[in-house]
Amino acid sequence: MFDREALARPANEVALDLLGATLSRDSEEGRVTIRLTEVEAYLGEMDPGSHAFRGLTKRTTVMFGEPGHLYTYFTYGMHVCANVVCSPPGTASAVLLRGGEVVEGLELARARRTTSRSDADLARGPARLVVALGVTLADGGADLATSPFDLTLPTVRADHDAGPRTGVSGEGGSAEYPWRFWIPGERTVSP
DNA sequence: ATTACGATCCACT
DNA sequence: GTGGATCGTAATG
């Protein structure tokens with residue numbers, strides 16, 4: 001369980017509280033829990049890098065909704081990525097879950113990620129994290145405070161480093177928005 | 001109806 | 001370290 005008010009703030013602030021947080025998902029096969037080590041913030045309509053930059057569309061409806069819900073999308077023709085919606089309803093901002101460490105359900109996560117040989121690779125990268133957790137597009141819009149999900153924020157804010165985001169280019173691009181955050185020294189963070 | 005593009009991963013060198 | 005795969009979304013004709 002988590003305090004929803006804690007998520008009703010801009011994504012670049014919420015991102016710092018999500019580092020070190022744990023996210024669980026139950027399925028018929030069991031439960032997998034991931035400790036988040038790398039995240040990236042997107043500030044909705046103000047942000048050229050955000051899917052919500054051009055306003056409310058069918059896909060981005062969830063992002064404009066209540067914080068604490070899951071925003072999933074399909075990209076590059078083959079991958080699913082997951083975000084935690086932040087900011088109050090009517091404001092679109094979200095935090096992309098970029099990487100984490102599997103802390104529960106290791107066997108199940110390995111079974112879902114047969115291509116990765118090392119445990120550190122199980123949830124390193126947005127699409128991999130989603131597969132290890134067992135999240136699908138159908139989970140889009142789900143409330144992370146209810147089954148099968150369970151999100152727990154850390155009681156003490158984790159150490160963090162910040163850097164430019166990937167994939168955001170052009171004017172008003174990555175240089176102005178150092179909103180990629182990670183926990184220093186973690187093996188589950190991409191270079 | 002059509003088309004350009006992307007918040008990436010994996011196999012291979 | 002690099003290149004190819006692959007399709008939903010949203011803007012355009």
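Below, chains carry the letters A, B, ... as their sequence lines are ordered, and counting in each starts from 1. Note that the coordinates shown come from a computational prediction; the quantities given were computed from them, not determined experimentally.
Under the Watson-Crick or G-U wobble criterion, with both distances below 3.5 Å, C:dA11 is paired with B:dT2. Pair assignment for C:dG1: B:dC12, on the basis of Watson-Crick or G-U wobble contacts that are both within less than 3.5 Å.
Salt-bridge check for A:R112 with A:E29: passed, with a basic side-chain N closer than 4.0 Å to an acidic carboxylate O. Under 4.0 Å is where a charged nitrogen must lie from a carboxylate oxygen, and between A:R113 and A:D119 no such pair does. Checked for salt-bridge contact, A:D139 and A:R25 meet the test: a charged N lies under 4.0 Å from a carboxylate O.
Nucleotide B:dA7 holds its P atom 11 Å from the CG atom of A:D47, rounded to whole Å. The nearest whole Å value for the distance from the CZ atom in A:R165 to the P atom in B:dA7 is 10 Å. Computed from coordinates, the A:R124 CZ to B:dC10 C1' distance equals 12 Å when rounded to whole Å. Separating the CZ atom of A:F53 from the C1' atom of B:dA7 is a distance of 15 Å, rounded to the nearest angstrom. Rounded to whole angstrom, the span from the CD atom of A:E40 across to the C1' atom of B:dG6 amounts to 14 Å. The CG-P distance, from A:L96 to B:dT8, rounds to 7 Å in whole Å. Rounded to an integer number of Å, the gap from CG of A:L129 to P of B:dA7 is 18 Å.
Scanning residues 69-82 of chain A for heavy-atom distances under 4.0 Å to DNA chain C yields A:F74, A:Y76, A:G77, A:M78. Residues from residues 106-122 of chain A that place a heavy atom under 4.0 Å from any atom of DNA chain B, listed by number: A:R113, A:T115.
The distance from the CG atom of A:D159 to the CG atom of A:L19 is 10.0 Å, given to the nearest 0.5 Å.
Taking the six-membered ring for Trp and the full ring otherwise, the centers of A:H51 and A:Y73 sit less than 6.0 Å from each other.
For CZ of A:R4, the number of neighbouring non-hydrogen atoms (other residues, nucleotides, ligands) closer than 6.0 Å is greater than 12.
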Atom pairs under 3.5 Å, N or O on each side, protein against nucleotides 10-13 of chain C: can you list them with distances?
| residue | atom | partner | partner atom | Å |
| --- | --- | --- | --- | --- |
| C:dA10 | OP1 | A:T57 | OG1 | 2.5 |

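Each of A:R128, A:R180, A:R124 was evaluated against A:E38; a single residue qualifies, A:R180, per the salt bridge (Lys or Arg N to Asp or Glu O under 4.0 Å) test.
Listed for the A:T60 side chain is a donor-acceptor partner under 3.5 Å among the backbone atoms of A:T57.
Cation-pi geometry between A:R165 and A:F181 is not met at under 6.0 angstrom from the ring centre and within 45 degrees of the axis.
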Is there a side-chain contact (heavy atoms from CB on, under 4.5 Å) between A:D150 and A:R31 once you walk through the steps?
-> CA-CA 10 Å; A:D150 187 9; A:R31 160 176 283 216; 4.0 Å; yes
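Side-chain atoms of A:T33 and A:T22 include no donor-acceptor pair closer than 3.5 Å.
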